[in-house]
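Data first, discussion second: the structure below is written as C-alpha cells.
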Number of protein chains: 2
Amino acid sequence: MDSKKDLRTITRKDIAIEAGVTETIVSYVINGNRYVKEEKRKKVEEAIARLNYRPNTMARALKGKKSNHILFIADDIKGEYFGKLISEIDTLAYTEDYFITLCADHQDEDFVNRIYSKFFDGIVIGSASFPLYNIQRLIDAHIPIVLLEIRDYSSITGVYGLINTGLYEGSRRVVRTLYERGKRKLLFLDRISSSGVWSNLDDWRLKGFTDQCSVYNLEPVIVSGCSSEDELSAKLFDLLSSGYVPDGIFGRNDQIALVGMQACQKMGYKVPQDIAVIGFDNTRLCRFSSPTLTSVEIEQKEVARCVMEMMMSLIDNSSSFEKRLEVYLDTKMVMRESV
Amino acid sequence: MDSKKDLRTITRKDIAIEAGVTETIVSYVINGNRYVKEEKRKKVEEAIARLNYRPNTMARALKGKKSNHILFIADDIKGEYFGKLISEIDTLAYTEDYFITLCADHQDEDFVNRIYSKFFDGIVIGSASFPLYNIQRLIDAHIPIVLLEIRDYSSITGVYGLINTGLYEGSRRVVRTLYERGKRKLLFLDRISSSGVWSNLDDWRLKGFTDQCSVYNLEPVIVSGCSSEDELSAKLFDLLSSGYVPDGIFGRNDQIALVGMQACQKMGYKVPQDIAVIGFDNTRLCRFSSPTLTSVEIEQKEVARCVMEMMMSLIDNSSSFEKRLEVYLDTKMVMRESV
DNA sequence: CTGAAAGCGCTTACAG
DNA sequence: CTGAAAGCGCTTACAG
C-alpha cells in the first residue's frame, strides 16, 4: 500500500511510531515551541512528509489553537462583486492555510448563536443588514471581526477591523461627475430586495449621493422599495410618464443602473444625451451593454488583501490592539459611453 | 448579566449545573439516543434554551459525529453561475444546520491532503479541472462526494453522487437550434483561462457541440487556448480576417459568447442576421447586451436541491448505498434576439 | 532536555 | 433506568 495514494486518517500516533519517538515530541516539532534534538526533529519531519500527515484541526482547535476557518457573511452572495472578492480572499487564505466559509446573512435570532461556536477564528461581515447589535456582541465576545464598511459603523466600539472601501467618496464623485456634465435632475436607484431590506442614510452609497447633492443644492429623487427588476422598471415608467424626467441616473449597482437605462431607452430617451447613467461595482455587465456603462470600481484585490491582513493581525495579536484598525481605500471611476 | 445578550462559551457542564442533572443526561437529551425521564428532559431543554447552548461542533466531530461543514470546490468562484448556485445551496444548507465552505480548485498536490482532514462531512466538486485521480482517492476514503457533471466522470467507481446538469444535451440543442435557422459554419468559443486549463472532449459542452455537429456532417471550428478576453477578440479578428466567417457562434458561457459577439459586430457583421450567437448559463449579461443574448439555462434551484439532497443521503446513510446516485436534469433554452 | 499526564468538550459502551 | 469512565486527537503545564 502506497501511503501517498491511499487516503486514511494519519494521527500523531502514527507519526510517533514511524519516527520512533514519543507523541509529545511530535507535537513539539509541529508547534515549534520547544527545543527538540536535531536528529529526532529530522525523523519526525520525514515521517510527516512520508505519511502526508496533517494534525487534526478540530483536536487542535479544541485545545485552544486556531481552527483555520474564517466565516464570511455576505448579503449578496449571488452578486458578481462578492464573487470576485471571495475569489481573491480565497487565494490569499489558501496560502495562509485558511478556509473560507461563506454564509448569507440570515435574519433569525439564532444566527448569531450559530456562528458563535468557537468554530471560526474570525468573521468578515460584508452585509448592510447584519444588526449592529449583534456585531457588537461578537466583538464583545472577542471574536476577531473585520467589517466591510457598507454602512456607517461608527457606533461600534471595541477592537475590530474596519475597511472603508470608498463607497462614500465614490458616490460623491458620481454626483460630481454628473454635475460637471451639466446634469441637475438626479435620480438614485436603490437596491432591489426581495427580503424587504432597502437603504437608509446609514448606507454609504446613498449618503454619499445625497450629501453631494446637498453641496450643489440639488433636489434628487430616490427610487426605493422595489423587490424585482420588473417592479423597478414599472416604477420608472410611472415616474417618467408623470412628467419627472431625470437627466442623470446613479444606480446602486451596475445591474440596477442598467435596468434604469433600459427603461429610459424604451421610453425613447437617449443615453447619455438625454439621461446619463452611472453604475457601481464595474462588473462585466458594464462592458456588454449599449451604450457601455460608466461605473465606479472598488479595488477588490486591495480589499481582499486588507481583509486578510487585518484578520491575520486580529487573530494573531488581538490582545495587543487597543482600538479598531482602519483602512481607507479609493475607488476609481471607469468612464464608458453612458456618460 | 443577561445571558441572552452576553456571548460567552456555554458548555455542557453549564447546562448540567443549570438543569441540576449529570452531564451525561445532557448529552443523551441532545442526541436523543436514550430514554431520559420526562422531568429531567424538560429541565435540560429549558436550560439549553435559556443559556442559548449549542454543543461544541468540534468536540462532537472529534467523537465521530458530523462537523456540519460541507466543502464546495469550484473552478470559477467568480462566475455568476456559481454565485447563484452557492446562494441556493447556502439557503438549503442553513435550514439543515450546515455550513458551506467555498474553495477554489487549487492545483498543488497538497490540496487533497488539506481537504481530507476529517473536517468536512462531505465535498461537492464543481470543477472541470480537479484531477479524476484525486476524486477517486476521496471516494475510496469514504468521504461523501457529490460531483457536478461538468465533464465525463464515467470512469469514477464506488459510491458517490453525480448530478448531470444537462450540459451535453443543452449543447446539442444549441447546435440543433442554429442548424434549424440555416446556420452551417459553426464556431465554438472555449473558456478563457489564465491558468491554462482548456476543454477537451471530456467536457460535456464541447462534446455535445462536436457530437451534434457530426450528426449534421458539419465541420465546426473551435477557438481555444485564450487567457484573456482581449486575446480571444484578437484571435477572432485574425480568424475572420483570414476569410473564415462563421454564421453561428456558441460560447461556452455568456461572457465568452458576448466577447465573440462584440468582436463580430466590430468587424461589421450583424447579429443575428450574419452571425447568430448563443451563450450558456443565462446570466444577467444576456439581458443587457444588444442584441440580447439567447442562452441555455441550467436550473440552479433544482441543481442546488439535488446537491443537498444527495449529500444528506450520502452523509446519513452512506453505508446503505451500493453504487453511485445519479440524477439527470434538463436545461432550457431562453430565446432572445441574438438568434 | 524530555516524558507522562491532565484536559479541551464532547459521545457512548460499560457497569451498575 | 442512569452514572462514572474511557477516549476522540491533540497541546502544554508539570514534574522529572
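Here is how names work: the chains are called A, B, and so on, in the same order as the sequence lines, proteins then strands, and each is numbered from 1. A quick note: this is a predicted structure, and the numbers were derived from the prediction, not measured.
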Run the numbers on A:F72 and A:L85 for side-chain contact (heavy atoms from CB on, under 4.5 Å), then give the verdict.
CA-CA 11 Å; A:F72 191 111; A:L85 186 57; 4.0 Å; yes
For B:V26 and for A:K37, find the nucleotide of DNA chain C with the closest heavy atom, then tell me which residue's nucleotide is more 5'.
A:K37
Indicate, with a heavy-atom threshold strictly under 4.0 Å, whether A:T11 touches base, sugar-phosphate, or nothing.
sugar-phosphate
Find the distance B:K43:NZ to D:dT2:P and express it as a whole number of Å.
12 Å
note: A:K63, atom NZ; D:dC10, atom P; distance rounded to Å ~ 13 Å
Which sits closer to the 5' end of DNA chain C, A:Y35 or B:K65, going by the nucleotide each is nearest to?
A:Y35
For the pair A:H69 and A:F120, name the ring-plane relationship: parallel under 30°, tilted 30 to 60°, perpendicular over 60°.
tilted
Please determine whether side-chain contact (heavy atoms from CB on, under 4.5 Å) holds for the pair B:R41 and B:Y28, giving the CA-CA distance in whole Å, both sets of side-chain angles, and the decisive distance to 0.1 Å.
CA-CA 9 Å; B:R41 172 187 302 281; B:Y28 281 114; over 6 Å; no
Counting the atoms with a prime plus P, OP1 and OP2 as sugar-phosphate, which does B:T22 contact under 4.0 Å by heavy atoms, base, sugar-phosphate, or nothing?
sugar-phosphate
At under 4.0 Å between heavy atoms, what does A:S27 touch on the DNA or RNA strands: base, sugar-phosphate, or nothing?
base
What is the distance from CG of A:N33 to P of C:dT2, rounded to the nearest Å?
14 Å
Any heavy-atom pair between the side chains of A:Y160 and A:M310 that's under 4.5 Å?
no
Spacing of the P atoms in C:dC1 and C:dA5 (rounded, Å):
23 Å
Whole-Å distance between C:dG9 C1' and B:R54 CZ?
16 Å
From CG of A:N68 over to P of D:dC10, roughly how many Å is that when rounded to an integer?
14 Å
For nucleotides D:dA13 and D:dG9, find the distance between their P atoms and express it as a whole number of Å.
23 Å
As a quick check of understanding, evaluate side-chain contact (heavy atoms from CB on, under 4.5 Å) for A:N56 and B:F119, giving each step before the final call.
CA-CA 8 Å; A:N56 183 311; B:F119 205 106; 6.0 Å; no
Nearest whole angstrom, please: distance from the C1' of D:dC1 to the CD of B:E38.
15 Å
When the C1' atoms of C:dT12 and C:dG16 are considered, how many whole Å apart are they?
16 Å
Tell me which nucleotide among D:dA5, C:dA4, D:dT2 gets nearest to the side chain of B:T24.
D:dA5
So which nucleotide from D:dT2, C:dC10, C:dA13 ends up closest to the side chain of B:Y28?
C:dA13
How is B:K13 classified with respect to the nucleic acid when contacts are heavy atoms under 4.0 Å: base, sugar-phosphate, or nothing?
nothing
Which label fits B:H106 and A:Y94: parallel for a plane angle under 30°, tilted from 30 to 60°, or perpendicular past 60°?
parallel
Pick the closest DNA chain D nucleotide for B:A59 and for B:I25 by heavy atoms, then say which residue is nearer the 5' end.
B:I25
On a plain distance test, is the side chain of B:R34 in donor-acceptor contact with the base of D:dG3 below 3.5 Å?
yes
In whole angstroms, the gap separating C1' of C:dC10 from CG of B:N31 amounts to 9 Å
With both distances under 3.5 Å as the test, what is the Watson-Crick or G-U wobble partner of C:dC1?
D:dG16
Distance in angstrom units between A:R41 CZ and C:dT2 P, rounded:
10 Å
